[in-house]
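Just below is one structure, and these are the notes that go with it.
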Amino acid sequence: MAEVKAVSKDGIAVHTEAGDLPALHETIASLFAAQGNWERAYQHLRSALERDSLTASYNRRYLDRRLAQLADGEVAVAMVDIDLFKDVNDTFGHLVGDRVLRSVAALLKHELPRGAFCARYGGEEFVLVMPGLGVPEALRVAERARLRVARHAWQRLQSGLAVTVSIGLTTKPGRAEERLREADALLYTAKHAGRNVVAYPDSENLRHIRHSG
């Protein structure tokens with residue numbers, strides 16, 4: 001990974017690896033701490049602790065904190081899983097698997113609505129959190145994300161590689177763990193429906209968007 005020079009919003013120039021946001025925030029935090037600016041140092045250190053080091057997405061720590069803050073509001077939660085990711089690692093190796101994880105994270109974050117965010121839930125699973133969105137709006141976001149992954153030029157990364165994701169989408173109110181549990185159950189429904197689909201509740205019935213390209 002190439003080294004880049006980055007300038008923080010505080011005007012401090014540092015060198016770090018491209019895409020390694022946690023390391024960038026840690027470096028800036030150290031510089032502020034050396035200057036005795038503990039408030040700024042803490043802000044950057046917290047940012048470092050809330051980022052996934054591989055994909056630069058938010059991590060589980062940030063996800064849990066934000067979902068707790070959003071407990072009383074309308075929030076759409078989408079659990080996203082890379083289909084057959086073990087086969088990617090077994091066939092092409094873990095270095096390619098890591099690049100797939102980074103690419104999928106970037107594709108999921110692309111064109112998210114204002115206030116929404118992507119977090120790595122663990123392994124090959126990600127969560128999209130979309131405050132203020134009901135099922136129709138959130139469904140459009142999830143479906144566009146699914147299509148971006150399916151249509152991505154994966155063979156440029158590795159000949160013979162193809163990647164898709166399955167998604168479980170819910171707007172069910174409740175505590176963080178309840179929302180995540182519901183989204184996870186819908187994700188399994190998407191997997192059982194053949195993968196590369198979005199599963200979501202529609203009134204009393206469960207409906208799917210099937211693969212369309």
Side-chain angles (χ1 to χ4, degrees), residues 1-4 16-24 50-63 77-112 116-130 138-170 180-200 206-213:
M1 189 177 292
E3 185 180 75
V4 298
T16 187
E17 289 187 336
D20 195 350
L21 287 179
L24 175 62
E50 293 182 334
R51 290 281 184 176
D52 174 60
S53 59
L54 177 63
T55 66
S57 302
Y58 289 108
N59 59 21
R60 182 67 183 272
R61 178 197 298 263
Y62 180 86
L63 174 65
V77 176
M79 185 78 73
V80 184
D81 183 75
I82 301 176
D83 295 325
L84 302 174
F85 184 68
K86 183 178 184 299
D87 291 352
V88 173
N89 282 330
D90 291 346
T91 303
F92 302 104
H94 289 274
L95 290 178
V96 171
D98 285 351
R99 294 181 69 182
V100 168
L101 286 168
R102 286 193 289 267
S103 296
V104 168
L107 291 167
L108 294 177
K109 287 184 280 187
H110 185 63
E111 293 184 349
L112 279 178
F117 66 89
C118 174
R120 189 179 180 191
Y121 190 66
E124 65 271 23
E125 288 188 327
F126 297 85
V127 174
L128 301 180
V129 177
M130 297 167 277
L139 187 55
R140 284 193 287 271
V141 174
E143 174 64 357
R144 286 198 298 266
R146 182 191 70 78
L147 285 172
R148 273 197 302 275
V149 174
R151 295 173 176 175
H152 186 66
W154 293 107
Q155 294 205 13
R156 293 181 183 175
L157 174 59
Q158 180 70 48
S159 178
L161 177 65
V163 178
T164 61
V165 296
S166 297
I167 303 177
L169 172 68
T170 182
L180 293 171
R181 191 181 304 119
E182 176 73 8
D184 193 49
L186 288 163
L187 171 62
Y188 275 96
T189 299
K191 293 285 189 181
H192 293 155
R195 303 186 181 90
N196 192 23
V197 300
V198 180
Y200 65 99
L206 195 64
R207 300 177 61 187
H208 310 114
I209 292 182
R210 295 195 173 274
H211 172 68
S212 59

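We're numbering straight along the sequence, starting at 1. Not measured: the values here are computed from a predicted model.
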Derivation of the salt bridge (charged side-chain N to carboxylate O under 4.0 Å, His left out) call for Arg102 and Asp98:
CA-CA 6 Å; Arg102 286 193 289 267; Asp98 285 351; 5.2 Å; no

May I have the step-by-step check of side chain to side chain contact (heavy atoms under 4.5 Å, CB included) for Leu186 and Tyr200, ending in yes or no?
CA-CA 6 Å; Leu186 288 163; Tyr200 65 99; 5.6 Å; no

Spacing of [X] atom [atom1] and [Y] atom [atom2] [to the nearest 0.5 Å]:
X: Asp87; Y: Leu161; atom1: CG; atom2: CG; result: 11.5 Å
X: Thr55; Y: Lys109; atom1: OG1; atom2: NZ; result: 6.0 Å
X: Thr170; Y: Arg181; atom1: OG1; atom2: CZ; result: 12.0 Å
X: Ile167; Y: Thr189; atom1: CD1; atom2: OG1; result: 14.0 Å
X: Arg151; Y: Leu107; atom1: CZ; atom2: CG; result: 12.5 Å
X: Thr164; Y: Phe85; atom1: OG1; atom2: CZ; result: 12.5 Å

Are [X] and [Y] close enough that some pair of their side-chain heavy atoms sits under 4.5 Å apart?
X: Leu95; Y: Arg99; result: no
X: Val163; Y: His152; result: no
X: Leu187; Y: Glu125; result: yes
X: Val165; Y: Asn196; result: no
X: Leu169; Y: Val77; result: no
X: Ile82; Y: Leu101; result: yes
X: Val127; Y: Leu180; result: yes
X: Ser57; Y: Arg51; result: no

Salt bridge (charged side-chain N to carboxylate O under 4.0 Å, His left out) between Asp52 and Arg60, worked out:
CA-CA 8 Å; Asp52 174 60; Arg60 182 67 183 272; over 6 Å; no

Could you tell me if the ring centre of Tyr58 sits under 6.0 Å from that of Phe117?
yes

Hey, is the main chain of Ser159 close enough, under 3.5 Å, to the side chain of Trp154 for a donor-acceptor pair?
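Absent.
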
Under-4.0 Å salt bridge between Arg195 and Asp81:
no

Lys/Arg N to Asp/Glu carboxylate O, Glu143 vs Arg146, below 4.0 Å:
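Looking at Arg146 together with Glu143, the answer is yes, because their closest N to O distance falls below 4.0 Å.
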
Set out, in order, the CA-CA distance, both residues' side-chain angles and the distance that settles side chain to side chain contact (heavy atoms under 4.5 Å, CB included) for Val100 and Gln158, then state yes or no.
CA-CA 10 Å; Val100 168; Gln158 180 70 48; over 6 Å; no

Closest heavy-atom contact between [X] and [Y]?
X: Leu108; Y: Cys118; answer: CB-SG, 4.2 Å
X: Val197; Y: Ala190; answer: CG2-O, 3.3 Å
X: Arg120; Y: Phe126; answer: CA-CD2, 3.7 Å

Contacts of type salt bridge (charged side-chain N to carboxylate O under 4.0 Å, His left out), residue Glu111, not counting sequence neighbours
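With neighbours one apart ignored, the set is Arg148.
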
